[in-house]
A.B. asks: 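Sending over a structure as structure tokens; questions will come in a sec.
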Protein chains: 2
Amino acid sequence: MGATERDSYHHGDLRAALIEASESIIREEGVEGFTLRKAAKRAGVSPGAPSHHFKGTKGLLTVVAIRVFQRLGAELAILPVSDVPARDLRTQAEGYVTFAAQNPGLFRLICRVDLIDCQDQEFREASFSALVHYRNAAAAYFGEDPPDRAARIFRPYLASAFATAHGLAHMILEGRPALLFDTPDPAETFIETTLPSILLATWPDRPCEVRHSA
Amino acid sequence: MGATERDSYHHGDLRAALIEASESIIREEGVEGFTLRKAAKRAGVSPGAPSHHFKGTKGLLTVVAIRVFQRLGAELAILPVSDVPARDLRTQAEGYVTFAAQNPGLFRLICRVDLIDCQDQEFREASFSALVHYRNAAAAYFGEDPPDRAARIFRPYLASAFATAHGLAHMILEGRPALLFDTPDPAETFIETTLPSILLATWPDRPCEVRHSA
DNA sequence: CATCAATCTGAACGTCATTCAGATTGATGC
DNA sequence: GCATCAATCTGAATGACGTTCAGATTGATG
């Protein structure tokens, strides 16, 4: 598998092949298992070849990360919208966490700021755009201001809304539920049953009632 | 600096010296900058010496991680308690995030499950115990059941409460606020002013009012 | 004082990212 | 059709990494 055959001395589209190879390596072995040499080998090329197409390992991984953000954004974009803001916010958060759980290696990559050139303009754009629908859903739920898509204005509730999903994603990938709780249900059912219950506790349909006793 | 002098062939307490050295390296250069050879050199010892005291790099970092969790737990334990559950939960979350922001390298370490032996019993114990007060504060806020410290029963609101702080911590360390928002206030004031506003939006003093418009 | 186990050294080995001189070739201009 | 040139790729460096191991050193035990 891998190692696309080659007839000529030149590859043809080594750049794309390296991106593809890197993604599948990260899928199979995680970011920690990724090396530039592996990617080169899988693309059927010598270890020095990638340097002509990317600025080192970080340059290649930055491009991969951009694609991951784009895919995350695309998955969040096609999620259904209802007339219940709470449900929509939960849907977005569930989509976010599900993406992380289903693509653990790639999600870890976009969180490894040491492996990525975070100053890259394309990366910045992709990381922002991926969460446009999430942002809108949060704004609708908290109903404080109409979601101005262009502006990146800070709002406490937006940070709070992002933090919940992002924290859950990290917790799952770090295996924290197993550390914090004697999980009655196995890890497989987490996404299907446990996650919705957490999101429901976070953003209930009805505005909160008195939750803490006197 | 570093490189504790040594008169005899044997070190005396190399184990402690390696832990100490590792911690300061991670403080100064982050987990990514840590290498076992650096730690050995800083302890004034050859690269092969650590193997007599730890099971490889992972063994050493696991011990460091345990100490980090213990320190986090100690910092959360001395936080003030009031008669307002919401305030106490916010205080715990603020303590958690502040610890991460003030110890970025060490916090990243305890999240790098690939660098740590997560099956280590001492590690599991430390990671659970560190959050006892956080858990109690969350239980009091949501007021659903009395905090049973021994049991690790799963509750959706507990996972939700942890996720917020954990997500904020990761977001800060990943520099996401700068990616998501045109931060009006510089990153320095985040902990002092921005973080409290986020936590207040998450867990307000009064039970929530109607927040979303029709 | 002899013995032994614990500890430490220093030199391996294999792998990594990166660099670079030289080989190869696609494309351009004639 | 052919010469030229820049882009591309090879393969062998260089230096750092974790880990292993034979041999040196020494504290402790008897």
Side-chain angles (χ1 to χ4, degrees), chain A residues 2-22 25-26 28-65 105 109 112-117 120, chain B residues 2-23 25-26 28-65 105 109 112-117:
Chain A
T4 34
E5 308 84 51
R6 197 165 32 127
D7 44 353
S8 67
Y9 185 85
H10 285 24
H11 183 284
D13 197 359
L14 181 54
R15 185 186 153 89
L18 285 170
I19 295 172
E20 196 66 34
S22 302
I25 292 172
I26 295 175
E28 295 165 19
E29 311 175 32
V31 219
E32 302 78 23
F34 171 84
T35 70
L36 186 55
R37 292 174 105 94
K38 273 189 204 168
K41 183 172 221 172
R42 203 175 276 220
V45 113
S46 79
S51 71
H52 297 275
H53 299 274
F54 301 97
K55 293 180 199 155
T57 304
K58 184 175 276 191
L60 171 52
L61 289 183
T62 301
V63 176
V64 176
L109 168 64
R112 286 292 300 276
V113 290
D114 56 313
L115 301 180
I116 290 174
D117 176 16
D120 183 286
Chain B
T4 33
E5 306 83 55
R6 195 162 38 124
D7 44 352
S8 66
Y9 185 86
H10 285 24
H11 182 286
D13 196 359
L14 180 55
R15 185 186 153 88
L18 284 171
I19 295 172
E20 195 66 34
S22 302
E23 241 188 66
I25 291 173
I26 294 174
E28 295 166 19
E29 311 175 33
V31 218
E32 300 80 21
F34 171 84
T35 69
L36 186 55
R37 290 174 107 98
K38 273 189 203 168
K41 183 172 219 174
R42 203 174 275 218
V45 112
S46 79
S51 71
H52 297 274
H53 300 274
F54 300 98
K55 293 180 200 154
T57 303
K58 185 174 277 193
L60 171 52
L61 289 182
T62 301
V63 176
V64 175
L109 170 64
R112 287 293 299 275
V113 290
D114 56 314
L115 302 179
I116 290 174
D117 177 16

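A note on names: the letters A, B, ... follow the listed sequences, proteins ahead of strands, and every chain is numbered from 1.
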A.B. asks: For B:H53 and D:dT20, give me the distance from atom NE2 to atom P, rounded to whole Å.
C.D. replies: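 Answer to the nearest Å: 15 Å.
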A.B. asks: Closer than 4.0 angstrom, basic N to acidic O: yes or no for A:E28 and A:R42?
C.D. replies: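 A:R42 and A:E28: salt-bridged.
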A.B. asks: Rounded to whole angstroms, how far apart are CG on A:L18 and P on D:dC9?
C.D. replies: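 Going from A:L18 (CG) to D:dC9 (P), I get 9 Å.
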A.B. asks: So do the side chains of B:T62 and B:F54 get within less than 4.5 Å of each other, counting heavy atoms only?
C.D. replies: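 Answer no - side chains too far apart.
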A.B. asks: Please pick, from C:dC8, D:dC9, C:dT18, the nucleotide with the shortest atom-to-atom distance to any side-chain atom of A:P47.
C.D. replies: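 Among C:dC8, D:dC9, C:dT18, the one nearest the side chain of A:P47 is C:dT18.
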A.B. asks: Measure from the side-chain heavy atoms of A:T57 and tell me the nearest of D:dT10, C:dA17, D:dG18.
C.D. replies: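 That would be C:dA17.
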A.B. asks: Rounded to the Å, how far apart are B:L60 CG and D:dC17 C1'?
C.D. replies: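 Interatomic distance, CG of B:L60 to C1' of D:dC17: 15 Å.
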A.B. asks: Reading DNA chain D 5' to 3', how would its secondary structure be written in dot-bracket notation, given Watson-Crick and G-U pairs with both distances under 3.5 Å, brackets [ ] for crossing pairs and | for partners on other strands?
C.D. replies: ||||||||||||||||||||||||||||||
A.B. asks: To the nearest Å, give me how far apart NE2 (A:H52) and P (D:dA7) are.
C.D. replies: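 A:H52 atom NE2 is separated from D:dA7 atom P by 11 Å.
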A.B. asks: So which atom in B:A39 and which in B:S22 form the shortest heavy-atom distance, rounded to 0.1 Å?
C.D. replies: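 Here B:A39 and B:S22 meet closest at CB-OG, 3.7 Å.
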A.B. asks: Hey, is the side chain of B:R37 pairing donor to acceptor with the base of D:dA16 inside 3.5 Å?
C.D. replies: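 No such pair is found, so the answer is no.
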A.B. asks: Taking OP1 and OP2 of D:dG18, is either one under 4.0 Å from a side-chain nitrogen or oxygen of B:S51?
C.D. replies: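 Checking D:dG18 against B:S51, no side-chain N or O comes under 4.0 Å of OP1 or OP2.
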A.B. asks: Has B:T35 got a side-chain N or O lying under 4.0 Å from the OP1 or OP2 atom of D:dC17?
C.D. replies: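 Indeed, a polar side-chain atom of B:T35 lies that close.
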A.B. asks: Quick check on DNA chain D: between A:S46 and B:K38, whose nearest nucleotide comes earlier from the 5' end?
C.D. replies: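 This one resolves to A:S46.
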A.B. asks: For B:G12 and for A:L36, locate the closest nucleotide of DNA chain C by heavy-atom distance; then report the residue assigned to the nucleotide nearer the 5' terminus.
C.D. replies: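 That would be B:G12.
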A.B. asks: Side chains of B:V31 and A:D114: closer than 4.5 Å at any heavy-atom pair?
C.D. replies: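 No, every pair of side-chain atoms sits at 4.5 Å or beyond.
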A.B. asks: Please say which of B:L115, B:L109, B:V64, B:T57 ends up in a side chain to side chain contact (heavy atoms under 4.5 Å, CB included) with B:F34.
C.D. replies: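 Among the candidates, only B:T57 passes.
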A.B. asks: Rounding to an integer number of Å, can you tell me how far A:E29 CD sits from C:dT15 C1'?
C.D. replies: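 Those two atoms, CD and C1', are 14 Å apart.
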A.B. asks: Between B:K38 and B:G33, which heavy-atom pair has the shortest distance, and what is it?
C.D. replies: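 That would be NZ-O, 2.6 Å.
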A.B. asks: Could you tell me how far apart B:D13 (CG) and C:dT7 (P) are, to the nearest whole angstrom?
C.D. replies: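 In whole Å, C:dT7 P lies 11 Å from B:D13 CG.
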A.B. asks: A side-chain contact here means heavy atoms from C-beta on lying under 4.5 Å apart; do B:V63 and B:R15 qualify?
C.D. replies: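 Answer yes - side chains close enough.
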A.B. asks: Write down the distance between NZ (A:K41) and P (C:dA17), rounded to a whole number of angstrom.
C.D. replies: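 Result: 13 Å.
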A.B. asks: For the pair made of CZ in B:F34 and P in D:dA16, what is the distance, rounded to whole Å?
C.D. replies: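 Result: 17 Å.
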